[in-house]
Amino acid sequence: MNKTIWFIILLCIYQVLQAQVNPKFYSVKSHYGFIIAHTPDLKPISQTEPYGFQIEMSKLRTSDKAWKTCFCYGRTGFSFTYFNYANPDVLGSSYNLIYFVEPYFTYKGPLKFSLRGSIGATYLDTIFDEESNPTNLLFSTRLSFYLSLSLNLNYHFNSKYAINLSANYNHISNGGQKQPNKGMNFPTVSIGFDKIIDYTPLKPKPEELKQYNRSWSYYLGSFASLRSADREAESTNHPLIGLMAGALKPLSRINGFNLGTELWYDWSDRKIAQQLAVDDSSFSSAITLGHHFSVGDFYFLQQFGVYMTRPKNIQPNWMYQRYSFWYRIANRWTIGASLITYGRRADHMDGRLIYVLN
């Protein structure tokens with residue numbers, strides 16, 4: 001009798017463990033693309049066609065908790081990607097370590113459509129040098145940031161093998177830590193092959209898991225970055241520290257609008273003011289307004305910022321765009337990163353810590 005009871009208990013434990021297994025993907029991809037010359041002075045070095053390869057491993061998260069993160073099934077994982085920019089003397093190659101999240105828009109049947117967001121670090125083997133490589137205005141630090149957004153079609157032959165076709169928009173920049181820093185934008189098309197382990201057909205989740213909060217949310221936060229005091233050459237980095245506050249209003253399950261304010265003090269602006277002998281404050285403040293996608297614990301924000309105060313001799317623009325990615329790590333605490341741009345010119349990135357009040 002005791003043996004029978006223990007057998008039943010062990011069988012139940014085995015079934016629970018089997019039910020919680022997340023399918024694993026081991027993948028290889030090849031890339032081919034082109035470089036966007038987003039300013040006229042980049043055209044001479046942008047007439048190339050980058051190519052590369054990628055290896056990755058990921059898991060398809062199937063639990064209810066993981067599903068509520070984006071109200072969808074999704075993969076998370078790590079990849080290593082090599083890009084050759086087909087201009088060895090000026091641009092060289094890059095080696096990228098990447099973390100990605102990939103929510104599925106469709107999951108029934110063999111054909112699946114997904115969106116992937118990637119962030120990581122890149123090592124560049126050929127960078128700007130005032131004497132030996134003065135035309136490379138894209139890269140000036142060997143270590144930089146990598147960002148990418150991809151649309152993917154995944155076709156499963158069976159439970160063990162799949163192929164995928166992806167359109168990728170890739171960006172590499174040092175976040176304004178050193179100049180010149182035009183940054184590289186290079187779309188690629190990739191085709192890949194997946195080996196899948198422990199895959200089982202995905203099933204619809206209960207409707208009660210799809211509920212979302214329709215009320216206003218309010219946030220407080222801080223952000224920080226390092227910036228060069230010389231916008232055109234190598235220089236010592238200086239801190240930028242800021243505060244922000246605002247409100248988020250859902251309009252649907254994934255769409256909403258936001259408004260807020262942010263203010264910061266930039267020690268690199270203070271250094272520039274001293275160099276130029278101008279009486280400019282290093283304090284800036286702005287009002288922001290924008291749209292955001294809210295998918296479970298993820299926020300993707302696109303905002304316009306209008307300066308209330310700024311160092312006018314250093315910063316001639318009165319408006320900027322900010323693109324932010326937030327991820328809720330606890331009940332109210334959120335971490336993130338943002339990129340501030342002026343038109344087509346990326347200025348700098350920062351890291352963010354936010355407290356959200358519902």
Measuring from [X]:[atom1] to [Y]:[atom2], what's the distance to the nearest 0.5 Å?
{"X": "L301", "Y": "N258", "atom1": "CG", "atom2": "CG", "value": "5.0 Å"}
{"X": "L353", "Y": "M244", "atom1": "CG", "atom2": "CE", "value": "8.0 Å"}
{"X": "C72", "Y": "L115", "atom1": "SG", "atom2": "CG", "value": "9.5 Å"}
{"X": "S148", "Y": "F100", "atom1": "OG", "atom2": "CZ", "value": "11.0 Å"}
{"X": "F223", "Y": "I340", "atom1": "CZ", "atom2": "CD1", "value": "8.0 Å"}
{"X": "Y73", "Y": "K112", "atom1": "OH", "atom2": "NZ", "value": "11.0 Å"}

Contacts of type ring pair (Phe, Tyr, Trp, His ring centres under 6.0 Å), residue Y355, not counting sequence neighbours
W333
By salt bridge (charged side-chain N to carboxylate O under 4.0 Å, His left out), R352 pairs with (sequence neighbours left out) E262, D350
Decide if atom [atom1] of [X] counts as having more than 12 heavy atoms of other residues, nucleotides or ligands within a radius under 6.0 Å.
{"X": "W318", "atom1": "CH2", "value": "no"}
{"X": "K249", "atom1": "NZ", "value": "yes"}
{"X": "F304", "atom1": "CZ", "value": "no"}
{"X": "M319", "atom1": "CE", "value": "yes"}
{"X": "K195", "atom1": "NZ", "value": "yes"}

Report yes or no: do S282 and D266 form a side-chain donor-acceptor pair below 3.5 Å?
no
Is it true that the side chains of T341 and Y323 contain a donor and an acceptor less than 3.5 Å apart?
no
Applying salt bridge (Lys or Arg N to Asp or Glu O under 4.0 Å) to D198 and K24, what does each step give before you reach the verdict?
CA-CA 7 Å; D198 296 327; K24 302 176 184 65; 3.7 Å; yes
Between the side chain of [X] and the main-chain N/O of [Y], is any donor-acceptor distance below 3.5 Å?
{"X": "T261", "Y": "A286", "answer": "yes"}
{"X": "R310", "Y": "Q315", "answer": "yes"}
{"X": "N136", "Y": "L138", "answer": "yes"}
{"X": "N168", "Y": "P187", "answer": "no"}
{"X": "D194", "Y": "S27", "answer": "no"}
{"X": "N22", "Y": "T62", "answer": "yes"}
{"X": "T309", "Y": "S285", "answer": "yes"}

Salt bridge (Lys or Arg N to Asp or Glu O under 4.0 Å) between R75 and E56: does it pass, once the steps are laid out?
CA-CA 12 Å; R75 289 166 60 183; E56 63 184 46; 3.5 Å; yes
Relative to each other, are the rings of Y342 and Y307 parallel, tilted or perpendicular (30° and 60° limits)?
parallel
Taking the inter-plane angle between the rings of H31 and F83 on a 0 to 90° scale, is it parallel (under 30°), tilted (30 to 60°) or perpendicular (over 60°)?
perpendicular
Cluster link L251 to Y218, ILVMFWY, side chain under 4.5 Å:
yes
Do the ring centers of F128 and F139 come within less than 6.0 Å of each other?
no
Under the criterion salt bridge (Lys or Arg N to Asp or Glu O under 4.0 Å), I'd like the reasoning laid out for D64 against K205: C-alpha separation, chi angles, the key distance, then a yes or no.
CA-CA 8 Å; D64 288 354; K205 292 291 186 179; 2.8 Å; yes
Could you go step by step and tell me if R328 and T334 meet the side chain to side chain donor-acceptor pair (under 3.5 Å) rule?
CA-CA 4 Å; R328 192 186 299 250; T334 300; 4.8 Å; no
